[in-house]
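One structure is given below, encoded as structure tokens.
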Amino acid sequence: MKEHIMMLNPSPFRLIKSRKKTIELRLYDEKRKEIKVGDRIKFINSENPLESLETETVELYVFDSFETLYRKLPLLECGYTEKNIDSASPKDMEIYYTKKQQEKYGVVGIKIILL
């Protein structure tokens, strides 16, 4: 078992803390390819580095793009809410990762439980 550290914006941080978000979406780059089921992930609030959450990885869902991921995974577990689920789009992730990066690395949904 290994511990990984990831920064997280305040909004998804709060959703994980409240157990509403159980799947973290990331680029499947070299850093994320090291994550295995059973590993711990420490999420650090990007606006308050003293605030962190300890989680355990329970499943990894690897896809070629966020477009595919959005069709296959339950978006209410990925950080969307009843209020914004109707406008959910894979383009939302292009704020963080370009199409070119997605093509190069693929993407991953990291299913976690809060410890």
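Not measured: the values here are computed from a predicted model.
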Any pair with a residue in residues 100-111 that passes salt bridge (Lys or Arg N to Asp or Glu O under 4.0 Å), sequence neighbours left out, goes on the list, sorted by first then second residue, please. Glu77-Lys111
Closest non-hydrogen atom pair, Cys78 against Leu73: SG-CB, 4.2 Å
ILVMFWY network linking Ile110 to Ile16, side-chain heavy atoms under 4.5 angstrom: yes
Nearest 0.5 Å, what's the CZ-OG1 distance between Phe43 and Thr55? 4.5 Å
Find out whether Asn45 and Leu8 are in side-chain contact, i.e. whether some heavy atom of one side chain is under 4.5 Å from a heavy atom of the other. no
Would you say Leu25 and Tyr96 are hydrophobically clustered, going by side-chain heavy atoms of ILVMFWY under 4.5 Å? yes
Could you state the interatomic distance from CD1 (Ile5) to OG (Ser52), rounded to the nearest 0.5 Å? 9.0 Å
Asp64: partners by salt bridge (charged side-chain N to carboxylate O under 4.0 Å, His left out), with sequence neighbours left out: none
Taking the side chain as every heavy atom from C-beta outward, state whether Met6 and Arg26 have any atom pair closer than 4.5 Å. yes
Where the side chain of Asn9 meets the backbone of Ser11, is there a donor-acceptor pair that is under 3.5 Å apart? no
Tell me whether Leu27 is reachable from Ile95 by hopping between hydrophobic residues (I, L, V, M, F, W, Y) whose side-chain heavy atoms are closer than 4.5 Å. yes
Sub-4.5 Å side-chain heavy-atom contact between Lys20 and Thr81: no
Rounded to the nearest 0.5 Å, what separates atom CZ in Phe63 from atom OG1 in Thr68? 7.5 Å
Quick one: pull up CD1 in Ile113 and CD in Glu59 and give me the separation to the nearest 0.5 Å. 12.0 Å
When you check the gap from the basic side-chain N to the acidic O, do Glu94 and Lys99 get nearer than 4.0 Å? yes
Please name the pair of heavy atoms, one in Glu82 and one in Leu76, separated by the smallest distance, quoted to 0.1 Å. OE2-CD1, 3.5 Å
Taking C-beta and beyond as the side chain, do Val62 and Lys33 meet within less than 4.5 Å on heavy atoms? no
Sequence neighbours excluded - salt bridge (Lys or Arg N to Asp or Glu O under 4.0 Å) pairs with any residue from residues 1-17: Lys2-Glu34, Lys17-Glu51
Just verifying a value: how many Å separate Lys31 NZ and Tyr105 OH, rounded to the nearest 0.5 Å? 13.0 Å
Between Pro10 and Ser46, is there a side-chain heavy-atom distance shorter than 4.5 Å? yes
Side chain to side chain contact (heavy atoms under 4.5 Å, CB included) assessment of Arg40 paired with Met1: CA-CA 7 Å; Arg40 303 273 168 101; Met1 184 204 58; 3.4 Å; yes
Heavy atoms, side chains only, cut-off 4.5 Å: are Ile112 and Val58 in contact? no
Would you say the side-chain atoms of Tyr70 and Tyr80 include a donor-acceptor pair closer than 3.5 Å? yes
According to a hydrophobic-cluster definition based on side-chain heavy atoms being under 4.5 Å apart (Ile, Leu, Val, Met, Phe, Trp, Tyr only), do Leu69 and Ile85 belong together? yes
Pairwise side-chain contact, Ile23 with Tyr61, heavy-atom cut-off 4.5 Å (strictly under): yes
Crowded around Glu56 CD? As in, over 12 foreign heavy atoms under 6.0 Å? yes
Roughly how far, to the nearest 0.5 Å, is CD of Glu24 from CD1 of Ile35? 9.5 Å
In terms of side-chain geometry, is the basic nitrogen of Lys36 or Asp39 positioned less than 4.0 Å from the acidic oxygen of its partner? no
I want to check something: taking the side chain as every heavy atom from C-beta on, are Ile41 and Thr57 in contact at a cut-off of under 4.5 Å? yes
